[in-house]
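Every chain is numbered from 1 and lettered A, B, ... according to where its sequence line falls, protein lines coming before strand lines.
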Protein chains: 2
Amino acid sequence: MAFTQRSEPARAAILAAARRRFASDGYERTTIRSVASDAGVDPSMVMRYYQNKEGLFSAAVDIDLHLPDVTGVPREEIAGLLARHFVKRWEGELADEAITVLLRSAITNPAAAERMRTVFGQQVLGLVRMVTGDTPDSAMRAGLISTQVLGIALTRYILQLPPVVALDPETLIELFTPVLDGFLTGPLAAATVARSS
Amino acid sequence: MAFTQRSEPARAAILAAARRRFASDGYERTTIRSVASDAGVDPSMVMRYYQNKEGLFSAAVDIDLHLPDVTGVPREEIAGLLARHFVKRWEGELADEAITVLLRSAITNPAAAERMRTVFGQQVLGLVRMVTGDTPDSAMRAGLISTQVLGIALTRYILQLPPVVALDPETLIELFTPVLDGFLTGPLAAATVARSS
DNA sequence: CGGTGTTGCCAACGCTTGTTGACAAACAAC
DNA sequence: GTTGTTTGTCAACAAGCGTTGGCAACACCG
């Protein structure tokens with residue numbers, strides 16, 4: 001019942017295959033059999049190492065945004081840094097599929113959605129607090145930033161809207177920096193948030 | 001093989017149930033059996049009226065953004081009008097579930113993703129052209145707007161990030177109007193779009 | 001009234017899914 | 001070298017899926 005180092009290659013192969021499948025197919029369409037096949041392994045091995053499909057998913061989606069430390073960075077440069085961070089993280093041949101896995105799965109799988117709320121709630125909020133201090137506005141600012149960041153991820157990597165895909169990374173960064181800056185440090189609306197449930 | 005008016009209530013009930021299911025569960029998790037059960041109808045009836053699951057989906061997702069006509073509206077008011085339009089359209093008890101259906105399904109279903117590209121490409125682009133004229137930038141501006149609009153829909157209605165859900169509609173409109181305005185009429189990045197595939 | 005086509009219900013098909021258990025091979029420990 | 005545990009293979013299960021065809025009840029048209 002305990003796993004040795006001998007089976008680690010198999011477990012790693014399974015995990016890698018699972019991440020690829022969850023990223024491209026989402027939770028429901030990803031089958032244990034297909035993951036096992038991709039990993040060159042018997043389906044029952046997947047069960048033995050990850051208990052069930054939900055366990056496999058949890059292991060595959062254990063993710064971190066790796067937001068940069070912005071202490072000491074001048075306030076007016078932070079938004080640009082943030083924009084660059086996200087774009088760079090998600091681009092490239094060997095790109096980190098984390099966001100795709102998480103986003104694609106979070107749409108239909110409640111557990112993934114919950115994790116998404118946690119990840120963006122805590123990690124982005126933490127960064128905002130580094131900038132604004134612990135004001136009551138922080139959560140709202142973090143939410144607004146998430147809105148734009150996830151909007152890009154959705155339209156560029158998942159839906160692949162042509163004009164959004166066509167933007168080269170530097171242009172993308174340049175275009176969204178002012179928006180993020182506005183959400184991060186700019187004035188908020190006159191109306192206050194009535195009730196937060 | 002032709003359907004009479006007598007079966008119209010049944011067909012309408014099926015369609016309504018399908019829209020609700022596709023909206024809340026996505027394409028894969030929605031089963032013909034559950035739709036039939038919701039509609040108080042036998043599963044085979046669903047097949048008879050919509051051929052197969054794909055046909056049912058196509059019928060359920062035949063959607064229009066109903067973007068307002070902005071001819072004659074002063075340029076500086078258009079962004080606000082647009083923000084208000086989307087928010088109002090997606091709020092409320094008897095809200096139009098169109099965006100949820102489409103978004104949730106487009107994540108895993110290629111046909112839905114294609115429709116999404118068409119809807120946002122053509123309809124938003126059309127509106128942008130009413131404002132800017134037929135400049136080469138129009139498609140890019142439409143894409144940027146889609147980015148923010150869909151980002152809101154995703155975080156507020158699908159992922160339900162708490163700080164985004166907490167915003168009341170008027171505040172939401174107020175906050176996003178300047179962003180949309182920037183994308184719609186503001187200057188674009190210095191870098192030009194290299195190649196559009 | 002009789003005939004024709006539409007509607008609705010029922011049972012079943014073939015298939016895929018997640019999951020389980022049995023059993024042989026490979027390894028590790030003493 | 002024997003014992004015990006871990007790894008891998010194979011076959012099968014129960015459940016759920018989309019889908020199909022048959023058949024009774026009904027409505028309409030002559």
### Message
I'd like to know if the side chain of B:Arg11 pairs up with that of B:Ser7 as donor and acceptor (distance under 3.5 Å, no hydrogens or angles considered).
### Response
yes
### Query
Nearest-Å distance, CD (A:Gln5) to P (D:dT7)?
11 Å
### Query
Any salt bridge between B:Glu174 and B:Arg84, counting N to O under 4.0 Å?
no
### Query
Who passes salt bridge (Lys or Arg N to Asp or Glu O under 4.0 Å) against A:Arg75, sequence neighbours left out?
none
## Note on the structure
note: A:Phe57, atom CZ; C:dG18, atom P; distance rounded to Å ~ 14 Å
### Task
Using a cut-off of strictly less than 4.0 Å, decide whether A:Ser7 has a side-chain nitrogen or oxygen near OP1 or OP2 of D:dT7.
yes
### Task
Only one of A:Asp181, A:Ile152, A:Leu82, A:Thr171 passes side-chain contact (heavy atoms from CB on, under 4.5 Å) with A:Phe176; say which it is.
A:Ile152
#### Entry: Set of residues satisfying salt bridge (Lys or Arg N to Asp or Glu O under 4.0 Å) with respect to A:Glu114, sequence neighbours excluded
A:Arg117
#### Entry: Spacing between B:Arg11 atom CZ and C:dT6 atom C1', to the nearest angstrom
11 Å
### Query
Is any side-chain heavy atom of A:Arg156 closer than 4.5 Å to a side-chain heavy atom of A:Leu161?
no
### Message
Tell me the bend of the helix from C:dC1-D:dG30 to C:dC30-D:dG1 as the angle between end helix axes, each from five pairs, rounded to the nearest 10 degrees.
### Response
0°
### Query
Counting only non-hydrogen atoms, which of residues 22-43 of chain B are less than 4.0 Å from DNA chain C?
B:Arg33, B:Asp42
### Task
Could you state the atom-to-atom distance from CD1 of B:Ile14 to C1' of C:dG8 in whole Å?
11 Å
### Task
With sequence neighbours excluded, tell me which residues meet side chain to side chain donor-acceptor pair (under 3.5 Å) with A:Thr185.
none
### Message
With no hydrogens and no angle check, just 3.5 Å: does a side-chain donor-acceptor pair link A:Thr155 and B:Ser146?
### Response
no
### Query
Strictly by modelled atom types, are B:Thr135 and B:Asp137 linked by a side-chain donor-acceptor pair under 3.5 Å?
no
### Query
For B:Arg6 and C:dT6, what is the distance between atoms CZ and C1' respectively, to the nearest whole Å?
5 Å
### Query
Does any non-hydrogen side-chain atom of B:Gln51 lie less than 4.5 Å from one of B:Leu56?
no
### Query
Just to confirm, is there a sub-4.0 Å distance from OP1 or OP2 of D:dT20 to any side-chain nitrogen or oxygen of B:Ser44?
no
### Query
Among side-chain atoms of A:Thr31 and A:Ser34, is any donor-acceptor pair under 3.5 angstrom?
yes
#### Entry: Sub-4.0 Å heavy-atom contacts from residues 45-52 of chain B onto DNA chain C, ordered by number
B:Met45, B:Arg48, B:Tyr49
### Query
Atom CD of A:Glu8 to atom P of D:dG8: distance rounded to whole Å?
12 Å
